[in-house]
Amino acid sequence: MKKILWADDEIDLLKPHIIFLTAKGYDVATCNSGADAIQLVAEEAFDLIILDGNMPGISGLDTLRHIKASHPHIPVVMITKSEEEDIMDQAVGSKIADYLIKPVNPKQILSSIKKNLHSDELVSEKAGTDYRQDFARISSMINSAADISHWMDLYRQLVQWELDLSAADSPMEELLSMQRTEAEAAFAKYVSRNYESWVTRPGGEGAPLLSPGVFKERVFPLLDAGENVFFILIDNFRLDQWLAIKPLLADTFTFREDMYCSILPTATQYARNAIFSGLMPADIAKMFPALWVDEDSEEGKNVNESPLIATHFERYRRKCRFSYNKINDSAGAEKLLRDFPNLMTNDLNVIVFNFIDMLSHARTESRMIRELASTDAAYRSLTESWFRHSPAIDIFRAIASRGGRIILTTDHGTVKVNRPVKVVGDRNTNTNLRYKVGKNLDYNPREVYEIRQPARFGLPAPNVSSAYIFATAQDFLAYPNNYNHYAQYYDGTFQHGGISLQEMLVPIVTLTAK
């Protein structure tokens, strides 16, 4: 039973209200002064306090300050005859739970109590009920999705339900997880049937916007309109993570939200270089061999991004003054902020943030980070915390204050894996857990998506007989040697490179300052 303290100098007149609350199952203690309220709170444990704002002696506001100083966790509902804005501001500033104006009826009081004492269970119950009612419709969408726009709409709804049920701590999360698994399996089959046509006929009927078309479709039109454009790419940035940081930007920007489809492999070397060059990886390797880094090279896979951007503009015979900055830590972001006046002289500024990618890798290697990001919800929370407290958000605000336009996106997402799939390769095979490229791969073709003619899919072939295979859904690729150890080590880690809704369907948002 929840215990409530009600302090009011006219408490005898409120007996009908107290009887009503007692009938609803609450234990209500009463007093008629601020001093008595402070003493009772010191002696007994209360779940909520109802406080009159106009008591003689110690005022309601002073009583509130005393209580908040010693028991800041107890929600306080203030009831007062005064409608003066100054009193309301002081009460709200003291972090009251609610503010009601006399006269109040019992149902108003009950509503405030439910909001402050029972909101979690009510929200959980409502979210679970709503999801159960929506379950059949989503299952129908999974079975009937016929084009990429259907899959994007379905993915948005699954992510929104994930956020809603997670916030409500609903037991329906497990059912949603099962439905997500079903959706991932169906999406992998859809991609397997259609990916070749998307690559060979880009822009054709039913084909999504792919990585090489991002600049042409989203950046060039803004430049043509004379906008000062900031292209901000957050590596490994999923739709749910965008929705986690979106509220932090809502006061400053309006949003045009969309998604595009990352190419395969959903890895930086391929997807990000395709964005910046406007080319499929095989064309980069053919046209600019000095800028393409092979899988077996020890050179960093994303070291040539600025030159690739330059080739992109040159190929379209566009004159564009641009800058390129890669941010790996707060010091780099702060340095960029200091240089901000110079950035505003450019037509385009490209900024890459690597934090989430580093978090993903650190989570695999660090037991502590695994604990901090043990679930997708925790992973989102770390993303939100980073953005809220890092200079990254200051960069967004600086752009808004100067009237710049932002295109925020990523090169690929990431997926939490949980099922190992055996593959055998030679020592030259790459180490990524979601895709393999090699000439002597041995695997079960029913468990992966295979590409035996890489050139047809815009992929370079290190050898004549090279093939690519991709893990789907929540699978990851593991070698038979020491299989059990690696299967256990990588289970539950976040990986990218393969085929999943989370890796391939990624946010692309245009932000305009309010």
Side-chain angles (χ1 to χ4, degrees), residues 209 213-237 239 241-260 272 275-276 278 302 305-310 312-314 316 318-357 383-411 506-514:
L209 174 63
V214 167
F215 261 50
K216 182 179 178 182
E217 296 296 325
R218 295 303 171 88
V219 177
F220 289 178
L222 291 182
L223 293 174
D224 290 341
E227 299 278 2
N228 186 240
V229 181
F230 286 77
F231 186 88
I232 300 180
L233 187 148
I234 302 178
D235 197 5
N236 265 8
F237 190 53
L239 177 61
Q241 292 169 311
W242 154 243
L243 295 176
I245 72 168
K246 178 182 174 181
L248 302 178
L249 298 168
D251 289 343
T252 310
F253 295 95
T254 59
F255 311 110
R256 174 195 170 189
E257 300 175 79
D258 205 348
M259 283 189 280
Y260 81 92
R272 192 194 298 176
I275 293 172
F276 289 145
N302 54 358
E305 292 171 1
S306 183
L308 286 172
I309 296 170
H312 199 161
F313 285 112
E314 291 168 4
Y316 280 90
R318 300 179 67 99
K319 292 184 178 179
C320 177
R321 179 171 176 171
F322 76 90
S323 71
Y324 170 85
N325 290 277
K326 186 182 297 183
I327 308 299
N328 294 316
D329 52 34
S330 294
E334 291 165 356
K335 181 178 182 298
L336 187 68
L337 279 170
R338 291 194 295 271
D339 194 43
F340 214 84
N342 293 329
L343 297 184
M344 298 306 298
T345 65
N346 298 321
D347 304 305
L348 170 69
N349 295 285
V350 176
I351 304 172
V352 175
F353 286 101
N354 273 341
F355 173 81
I356 298 178
D357 183 55
T383 302
E384 189 270 349
S385 181
W386 158 71
F387 192 76
R388 178 188 295 273
H389 300 292
S390 79
I393 194 170
D394 297 325
I395 290 175
F396 279 75
R397 290 168 177 161
I399 296 169
S401 69
R402 291 165 173 80
R405 293 285 291 277
I406 299 173
I407 298 173
L408 173 64
T409 191
T410 187
D411 43 0
V506 292
I508 182 165
V509 185
T510 303
L511 293 84
T512 303
K514 289 184 176 179

Do you know the tightest heavy-atom contact between [X] and [Y]?
X	Y	answer
Phe215	Ile309	CE2-CG2, 4.3 Å
Ala310	Phe322	N-CZ, 3.9 Å
Phe230	Asn228	CE1-OD1, 3.3 Å
Ala513	Ala400	CB-O, 3.6 Å

Side-chain touch [X]/[Y], heavy atoms, less than 4.5 angstrom:
X	Y	result
Phe237	Thr409	no
Phe276	Val350	yes
Ile275	Leu233	yes
Leu511	Thr254	no
Leu248	Ile393	yes
Ile351	Ile395	yes
Phe231	Val214	yes
Thr510	Arg405	yes

Donor-acceptor list for residues 331-343 side chains, cut-off 3.5 Å, not counting sequence neighbours:
unit_1, atom_1, unit_2, atom_2, d
Asp339, OD1, Asn342, ND2, 2.6

(Q) Quick check against the 3.5 Å criterion: does Asp411 have a side-chain atom that pairs as donor or acceptor with the backbone of Asp235? (A)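 It does not hold such a pair.
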Report the distance from atom [atom1] of [X] to atom [atom2] of [Y], rounding to the nearest 0.5 Å.
X	Y	atom1	atom2	result
Leu243	Glu384	CG	CD	12.5 Å
Ile245	Ser385	CD1	OG	12.5 Å
Leu348	Leu222	CG	CG	10.0 Å
Leu223	Phe313	CG	CZ	5.5 Å
Leu249	Ile406	CG	CD1	7.5 Å
Ile508	Leu209	CD1	CG	6.5 Å

Q: Would you please indicate if the ring centroids of Phe396 and Phe387 are separated by under 6.0 Å?
A: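 Distance test on ring centres: under 6.0 Å, yes.
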Q: Would you please indicate if the ring centroids of His312 and Phe220 are separated by under 6.0 Å?
A: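 His312 vs Phe220: aromatic centres under 6.0 Å.
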(Q) Exactly one of Arg318, Arg218, Lys216 should register a salt bridge (Lys or Arg N to Asp or Glu O under 4.0 Å) with Asp224. Which one does? (A)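 That would be Arg318; it is the only one of Arg318, Arg218, Lys216 passing the salt bridge (Lys or Arg N to Asp or Glu O under 4.0 Å) with Asp224.
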**Q.** Test log, rule side chain to side chain contact (heavy atoms under 4.5 Å, CB included), inputs Val509 and Arg256
**A.** CA-CA 6 Å; Val509 185; Arg256 174 195 170 189; 5.9 Å; no
Q) Are Thr252 and Arg397 linked by a side-chain donor-acceptor pair shorter than 3.5 Å? A)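 Absent: no donor and acceptor within the cut-off.
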Q: May I ask you to check whether Asn346 and Asn349 show a side-chain donor-acceptor distance below 3.5 Å?
A: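 A donor-acceptor contact under 3.5 Å links the two side chains.
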**Q.** Over 12 foreign heavy atoms within 6.0 Å of NZ, Lys514
**A.**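 Enclosed: over 12 neighbouring heavy atoms sit under 6.0 Å from NZ of Lys514.
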Q.
With side chain to side chain contact (heavy atoms under 4.5 Å, CB included) as the criterion, how do Ile356 and Thr383 come out once you've worked through the C-alpha distance, each side chain's angles and the decisive distance to 0.1 Å?
A. CA-CA 7 Å; Ile356 298 178; Thr383 302; 3.6 Å; yes
Q: Please list, chain by chain and in numerical order, all residues satisfying side-chain contact (heavy atoms from CB on, under 4.5 Å) with Val506, sequence neighbours excluded.
A: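 Once residues adjacent in sequence are excluded, the partners of Val506 under the side-chain contact (heavy atoms from CB on, under 4.5 Å) criterion are Tyr260, Thr410.
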(Q) Tell me every residue that passes ring pair (Phe, Tyr, Trp, His ring centres under 6.0 Å) with Phe355, counting only those two or more places apart in sequence or in another chain. (A)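 Per chain and number, Phe355 pairs via ring pair (Phe, Tyr, Trp, His ring centres under 6.0 Å) with Trp386.
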